[in-house]
Amino acid sequence: MSVRFSLSLLTIALSAPLHAEQTAQSLEHIIVTGSRVVENIDEVPASVTVITREQIQAQLKVSPELQNLLEVLVPGMAPSTNSSSNTGQTLRGRAPLIMIDGVPQSTPLRNGSLGIRSLDPSVLERIEVIKGATSVYGNGAAGGVINYITKKPSNGDDFSASVDVSTRFSAVKSDETLGARVEGSINGRLDKFSYLATLSYEENGVQRDAEGDILGLQYGLSDVETENYFTKLGYDFDAEKSLSLTYNYYKSQQKTDLGDVFGDINQGDKSYAIHVPAEQQKQGRPQGPSGNTNIMIKYSDSEVFTNTALTVDLYAQDIENVFFYSPNLANPSAGYDGGQSIIVSKKEGLRATFNSQFDLQGTEATFIYGVDLLNDVTSQPLVDGRVWVPEMDMSNLAGFVQSKWVIDEHYVIKAGVRHEDIDLEVDDYRTLELCRSETQCSVPIDVKGDTLNYTATTYNVGLKYNAFETFSPFISYSQGADISDIGRLLRTATVNDIALIRTEASVIDNYEVGFTSVLDRLRLEGSLYRSTSELGTTNSFDETTGVYMPVRAPQEIWGYELLADYRFSPAWRTTLTYAYVEGKNTQDDIYLGAKQISPPKATANLQWQPSRETGLSLTLLYVGNRKRFEPNVDGDYVGDQGPVNDYLVVNVSGQHQFTEQLNAYFGVENLFNRDYYPARAQAYTYGGYNIKGLGTSITAGLKYQF
């Protein structure tokens, strides 16, 4: 099979507020690495959110969960699911690719939507969120990229270390909720050798809603133990050449003696957890990442030849994400009353990037070019040995060129091309017979395997005008495509040959216009976007077999985002955002469900910092209504089409620096104990997802720096 489609190269721009030490006038000094080279933020004609270390630290005082941080700080990011799963937490209506320092953490071939919780926040220096379809790092970035940029060793010669200890508990009902967290780090340099190491361990108590009940366990965070080991070693051969090694190990699993009581969102009944006899407790292995490992070796030469820098990344990754035990994976005739699946993925890759810069009679020209190689082997077996998704072996070779032209300091033009060659090999396999009841079973199929071939040559172009700080507009067009979640298509096959399954790439055309404006102490940002795909993927419930079947159909998604940042005085500052997204299956002219489209979202943040030692922050998250679907003949909503009612959650945090070494902090999540269902819990009618939001929870901690 040969498919021609477009994979965009990256163009990026800022849509994040400044942290407390900065002013709007210093924005031009912020740089990002999302395009694989350092860039001036004013020279990128598209949208990106850059989350600084200061912003990360402020939000983590309220909640240690990265999905909660992203919902507050990233316009266009769907509301948090309040769980370990980010299914439904899309970026502009499509799935983003999650990365650590450019290494994919998502498993696009069988997307289990667990990539956001792939490392501990203590190792983060910043987060770069590139919005809109892009494939600068290859397959899986239909909605954009969330790139976790990890800390680097200090450039100074001094040794430093820190210890951070905190606790977290429910203010509604404290029984069994007390959790503990400890992290420690060392950082230093010995001549040409630099080092950084961080260790963290966190143990949650049970999580309670506003009524004091324990939240449901499906993708739950109650009784979760998390550990993260991170190190980065560097060696400078000289002023131009350096080598670094990064290692990250992340494990986060739920170890509980509780059992679920499933509710029904159509009846208004929530799912929750209770203490039960041993035979009714959560079955199977502990759910969650069972020990995900990333290793990267990076070599950099800032002058490999005249006016040209070289960066080579060699990386390897081993992922094993364990899902919850599900009765939907039952096959009574074969002796299985349920099952538990695991996504197993191993990646090995190499990226070589050249960056050449020239001054051509007043025009600054930059050319970024190179080659990517990736081998991704992914499968989804069951713990009991049954094969649900067969092993998929993908080999990917890509070459690219991206150019940037800065003309008369006011005009920035970006254009690029990328070519991909992808081979995806799948052996013969047999689909599983799965039963929701003794009479409601899917029909197993023997499927002939094959090697699927994809080739692609793709383009992007963007323009930005920087003559006036009061109004700096941009316009961009980029194409993106991926072959993500082939595994879901394979496991639900209804034909006997893989060549007959609709595994074509989902092609995306992304159009965007936007602007930034700086008016004294006020900064405004706005963007309007539209993306279309010739062959999107949604789910349809088959009432005969009880299986959700994938549906391939053209899609259109559109929306807009706004941001206002105003500094009243050196001590007071506020940031407001609003994001709206909507989408349709254009073939049938029906709206897309909550798996892709989230309700409107608004945030407000008020910061008070009367001194360098003391600060307070108040954050409001408002999620609006989305009611696009009608119930069935029985009066029930199905799939991801439940109506979403609005809700407002208020958080507060603060810190005080007692000495140069000692800092104390606190955070309160859901300050007014709002009793609500998160957006996904309202829209998803699947059993076990209708779990209420977290009730008032308090975090308190101390950090000591040596």
Side-chain angles (χ1 to χ4, degrees), residues 59 62-74 76-96 98 105-106 111-118 121 129 143 146 204 207-210 214-222 224 226 252 254 260 262-263 265 270-273 287-289 321 323-324 326 343 539 579 581 592-601 603 621-624 626 639-649 651 669-670 674-695 697:
Q59 290 298 322
V62 174
S63 169
E65 299 301 329
L66 284 167
Q67 58 269 38
N68 295 352
L69 179 151
L70 292 169
E71 79 169 340
V72 170
L73 295 178
V74 182
M77 192 78 184
S80 170
T81 65
N82 276 359
S83 71
S84 63
S85 167
N86 50 272
T87 180
Q89 192 173 16
T90 55
L91 182 59
R92 289 186 171 180
R94 301 187 188 277
I98 314 297
Q105 303 304 298
S106 304
N111 189 356
S113 299
L114 298 174
I116 286 182
R117 294 184 82 253
S118 54
V129 182
I146 299 174
N204 286 348
Q207 311 281 290
R208 295 188 183 272
D209 63 23
I214 302 173
L215 302 186
L217 303 177
Q218 187 164 298
Y219 297 115
L221 297 173
S222 290
V224 167
T226 302
S252 182
Q254 184 181 66
D260 272 316
F262 289 123
I265 195 66
K270 67 183 179 184
S271 292
Y272 59 98
Q287 63 176 328
N321 286 326
F323 288 80
F324 54 87
S326 173
I343 289 182
N539 292 325
V581 61
L592 299 175
K595 184 174 175 62
Q596 288 184 255
I597 306 300
S598 63
K601 186 189 72 174
T603 65
L621 169 70
Y622 173 77
V623 176
R626 185 173 188 256
D640 60 351
Q641 298 182 355
V644 178
N645 294 307
D646 66 338
Y647 56 90
L648 174 68
V649 179
N651 304 325
E669 184 174 359
N670 195 358
R674 175 67 185 268
D675 187 16
Y676 72 100
Y677 287 98
R680 187 187 71 174
Q682 295 185 58
Y684 275 37
T685 63
Y686 317 113
Y689 281 94
N690 50 331
I691 300 169
K692 284 195 171 182
L694 194 66
S697 300

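The residues of the chain are indexed from 1 along the displayed sequence.
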Name all residues meeting the side chain to side chain contact (heavy atoms under 4.5 Å, CB included) criterion together with [X]; count only those two or more places apart in sequence or in a different chain, and write none if there are none.
X	answer
Asn68	Ser63, Glu65, Glu71, Ser80, Asn82, Glu669
Ser83	Thr81, Ser85, Tyr219, Arg680
Val649	Tyr647, Asn651, Asn670, Tyr676
Ser326	Phe324, Asn328, Leu329

All side-chain hydrogen bond (donor to acceptor under 3.5 Å, both in side chains) counterparts of [X], not counting sequence neighbours:
X	value
Ser222	none
Lys692	Asp675
Asn204	none
Ser271	Asn690

With a 4.5 Å cut-off on side-chain heavy atoms, are [Y] and [X] touching?
X	Y	result
Val129	Met77	no
Leu91	Val74	yes
Tyr689	Ile265	no

Is a donor on one side and an acceptor on the other found under 3.5 Å between the side chain of [X] and the backbone of [Y]?
X	Y	result
Thr685	Ala683	no
Gln682	Tyr677	yes
Thr90	Gln596	yes
Ser252	Gly288	no

Please find the pair of heavy atoms, one from [X] and one from [Y], that lie closest to each other, and give the distance.
X	Y	answer
Asp209	Lys270	OD2-NZ, 2.8 Å
Ser598	Arg626	O-CD, 4.1 Å
Gly88	Ala78	O-CB, 3.6 Å
Leu215	Ala273	O-CB, 3.6 Å
Ala679	Pro79	CB-CG, 4.3 Å

How long is the straight-line distance from [atom2] of [Y] back to [atom1] of [X], given to the nearest 0.5 Å?
X	Y	atom1	atom2	answer
Ile98	Leu114	CD1	CG	10.5 Å
Gln641	Leu592	CD	CG	10.0 Å
Leu217	Ile691	CG	CD1	7.5 Å
Gln218	Gln254	CD	CD	10.5 Å

Quiz item: Given the rule in the side chain to side chain contact (heavy atoms under 4.5 Å, CB included) test, do Tyr272 and Ile214 qualify, once you have shown the distances and angles that lead to the verdict?
Solution: CA-CA 6 Å; Tyr272 59 98; Ile214 302 173; 5.8 Å; no
Residues passing the salt bridge (charged side-chain N to carboxylate O under 4.0 Å, His left out) test with Arg94, sequence neighbours excluded, are none
request  = List the steps, then state whether side chain to side chain contact (heavy atoms under 4.5 Å, CB included) holds for Arg117 with Leu66.
outcome  = CA-CA 7 Å; Arg117 294 184 82 253; Leu66 284 167; 5.7 Å; no
Residue pairs meeting salt bridge (charged side-chain N to carboxylate O under 4.0 Å, His left out), one or both in residues 82-93, sequence neighbours left out, come to Arg92-Glu512, Arg92-Glu561
- request: Report the C-alpha separation of Gln67 and Asn86 in whole Å, then their side-chain angles, then the decisive distance to 0.1 Å, and conclude whether the side chain to side chain contact (heavy atoms under 4.5 Å, CB included) test is met.
  value: CA-CA 7 Å; Gln67 58 269 38; Asn86 50 272; 5.6 Å; no
